[in-house]
Amino acid sequence: MLDSETSLNRDRTCHSNETEVPRRVAVLGGDGFLGSYFVEQLVALGHEVTVLDRFRGGKAKNLAALRGRCRWLSGDAGDERLAAQALEGQDIAAVFISASTPLTAWRAPLGVIEDELPLTVRLFDLCARLGVRKVIFASSGGTIYGPQPGRLDENALPRPNNPHGIAKLTEEHFLRYYAAAAGLAADSYRIGNLYGPRQRLERGQGVIAAWIGRIQAGLPVDVYGDEHCVRDYIYAEDAARLMTHSLRDMQSDGIYNLGTGRGTSILELLEIFRSVSGRPFAQRLHPRRPSDNISSVLDSSRLLRHYPGFVFRSLRDGVARCFAWAEQERAR
């Protein structure tokens with residue numbers, strides 16, 4: 001796995017072995033953070049895309065530039081009638097709906113049981129009933145494996161101790177059930193610590209977005225942990241690009257880790273922020289939170305063998321792009 005400071009000059013398209021067959025793809029949560037990048041990839045590859053999202057006030061947060069190039073349905077994915085309208089006649093459904101974050105799930109685990117699981121399983125069930133051929137599921141590599149050291153591949157035994165990871169693993173098992181019972185093909189992507197432009201600065205999911213939001217507000221950043229707290233940070237556009245693997249073969253299915261394979265400690269991340277932020281800021285040091293794993297680094301060799309030569313955007317460059325995007329948003 002590669003990570004280079006010269007990433008701006010690399011060929012990021014990796015068109016080899018791409019399918020030439022256009023698919024009909026419903027993306028549930030397609031105007032969200034990762035979902036919007038996935039929609040952009042699909043449109044660029046020539047697929048016919050339906051996006052179901054809330055589109056509050058009829059406006060897109062992230063997909064305004066694609067209006068007219070894909071079908072939009074506005075509303076809640078929990079509305080079975082609307083979800084059925086989105087899924088009817090589709091080859092593939094990509095599920096980016098999530099009602100929790102690791103921190104909110106830790107604080108309110110019953111919400112995961114009452115909201116997260118029922119919604120996702122109902123969507124899987126609806127896909128099966130409506131004859132969708134394949135489901136793409138955005139799972140969590142950062143929480144499913146639990147407190148295990150080292151770089152983990154898909155053969156590592158999942159040991160989630162955060163309700164968010166417990167829910168994602170349960171959803172994966174339900175997806176495997178529908179694959180067996182209804183003949184669905186299914187790909188689950190266990191994604192590392194996503195970051196990038198479009199991540200909401202105020203939501204509290206993603207340390208990079210949270211820190212940028214606090215720096216913009218003139219507040220100190222909260223640093224939880226020390227040099228032993230290591231994460232695998234993956235740029236959202238890279239993750240979306242690699243997830244298009246699922247469209248190459250409609251029959252194959254599997255579980256794929258989706259990370260760079262490179263760990264960065266929270267203190268190393270702090271130094272990157274100091275070098276690219278362009279302004280001074282203070283920090284407050286705290287012990288690691290119980291909801292956080294000590295280490296989370298993913299071996300994505302299973303997926304990357306389909307993308308020989310793929311180069312991940314460097315963390316330094318990615319953080320700089322996040323700052324630039326946040327400044328543009330602030331100036332609007």
Side-chain angles (χ1 to χ4, degrees), residues 19 21-32 34-35 38-39 41-42 47-54 70-100 111-141 144 154 158 160 164-191 240 243-258 302-303:
T19 178
V21 179
R23 309 290 186 191
R24 292 166 297 180
V25 187
V27 185
L28 311 181
D31 191 39
L34 180 57
F38 189 66
V39 169
Q41 294 288 334
L42 296 180
H47 298 289
E48 182 181 326
V49 183
T50 294
V51 177
L52 172 58
D53 212 304
R54 290 190 174 92
C70 48
R71 174 183 172 225
W72 287 9
L73 293 175
S74 180
D76 197 305
D79 180 339
E80 184 170 331
R81 178 197 59 80
L82 188 62
Q85 188 178 347
L87 294 169
E88 187 74 48
Q90 302 297 307
D91 299 312
I92 299 171
V95 180
F96 290 92
I97 303 292
S98 183
S100 71
V112 175
I113 299 169
E114 295 166 353
D115 300 323
E116 174 92 8
L117 284 172
L119 172 61
T120 306
V121 175
R122 286 192 184 104
L123 290 173
F124 294 162
D125 187 81
L126 194 57
C127 288
R129 287 190 278 126
L130 292 176
V132 173
R133 295 170 58 193
K134 188 166 191 175
V135 173
I136 300 169
F137 178 54
S139 187
S140 170
I144 272 184
E154 295 87 352
H164 183 76
I166 294 168
K168 292 299 181 187
L169 184 59
T170 303
E171 289 160 356
E172 284 187 12
H173 287 318
F174 270 107
L175 188 52
R176 299 255 61 80
Y177 158 74
Y178 282 107
L184 281 175
D187 285 337
S188 295
Y189 289 90
R190 294 176 174 174
I191 306 169
M243 290 178 75
T244 62
H245 167 68
S246 294
L247 284 81
R248 296 177 171 188
D249 186 343
M250 294 296 293
Q251 303 303 317
S252 68
D253 60 357
I255 293 173
Y256 298 100
N257 280 351
L258 189 41
R302 177 181 292 178
L303 179 60

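Given the structure is predicted, the values throughout are model-derived calculations rather than measurements. Just so you know, these numbers use all the heavy atoms, side chains as well, and skip hydrogens, waters and symmetry mates.
- Interatomic distance, L126 CG to E88 CD, rounded to the nearest 0.5 Å: 9.0 Å.
- Contact record, G254 with D187: N-OD1, 2.9 Å, taken as the closest heavy-atom pair.
- Once rounded to the nearest 0.5 Å, the distance linking CZ of F96 with CD1 of I191 reads 6.5 Å.
- Listed here is the closest heavy atom pair of P118 and I113: CD-O, 3.1 Å.
- The heavy-atom pair separating A182 from A128 by the smallest distance is CB-CB, 3.6 Å.
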Check the pair L247, L42 against side-chain contact (heavy atoms from CB on, under 4.5 Å), reporting the backbone distance first and the verdict last. CA-CA 9 Å; L247 284 81; L42 296 180; 3.6 Å; yes
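- The two residues L87 and A93 have their closest heavy-atom pair at CD2-CB, 3.5 Å.
- The main-chain N or O of N257 is found under 3.5 Å from a side-chain atom of E154 such that the two form a donor-acceptor pair.
- In terms of heavy atoms, L123 sits closest to A83 at CD2-CB, 4.0 Å.
- At least one donor-acceptor pair closer than 3.5 Å links the side chain of D91 to the backbone N or O of R24.
- Around the CD atom of Q41, the shell of radius 6.0 Å holds more than 12 heavy atoms that belong to other residues, nucleotides or ligands.
- A salt bridge links K168 to E116: one of the charged nitrogens lies within less than 4.0 Å of a carboxylate oxygen.
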Before giving the answer on side-chain contact (heavy atoms from CB on, under 4.5 Å), spell out for R54 and D31 the whole-Å C-alpha distance, their side-chain angles and the decisive distance to 0.1 Å. CA-CA 8 Å; R54 290 190 174 92; D31 191 39; over 6 Å; no
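- The side-chain heavy atoms of V121 and T170, taken from C-beta on, include no pair separated by under 4.5 Å.
- With hydrogens and angles left out, the side-chain atoms of E172 and S139 include a donor and acceptor closer than 3.5 Å.
- What you find for L184 and V135 is that their closest heavy atoms are CD1-CG2, 4.1 Å.
- Every residue two or more places apart in sequence or in another chain that forms a side-chain contact (heavy atoms from CB on, under 4.5 Å) with S252 is listed here: K134, D249.
- In the displayed structure, R129 atom CZ is contacted under 6.0 Å by more than 12 heavy atoms of other residues, nucleotides or ligands.
- E114 contributes atom CD, which lies 13.5 Å from atom CG of L119 (distance to the nearest 0.5 angstrom).
- For the pair E171 and L175, the minimum side-chain heavy-atom distance is 4.5 Å or more.
- Taking L82 as the reference, L52, L73, D79, Q85 meet the side-chain contact (heavy atoms from CB on, under 4.5 Å) condition, with sequence neighbours excluded.
- One finds the CG atom of L258 at 8.0 Å from the CG atom of L34 (value rounded to the nearest 0.5 Å).
- Between atom CZ of residue F137 and atom CZ of residue F174 there is a gap of 11.5 Å, rounded to the nearest 0.5 Å.
- Between M243 and L303, the closest side-chain pair of non-hydrogen atoms is not below 4.5 Å.
- Checking side-chain atoms of Q90 against main-chain N and O of V25 turns up a donor-acceptor pair under 3.5 Å.
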For H245 and I136, what are the C-alpha separation, side-chain angles and deciding distance, and is it a side-chain contact (heavy atoms from CB on, under 4.5 Å)? CA-CA 10 Å; H245 167 68; I136 300 169; over 6 Å; no
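- F124 and Y178 have perpendicular rings, their planes meeting at more than 60° on a 0 to 90° scale where under 30° would count as parallel.
- Rounding to the nearest 0.5 angstrom, the gap separating the OG1 atom in T120 from the CG atom in D125 is 12.5 Å.
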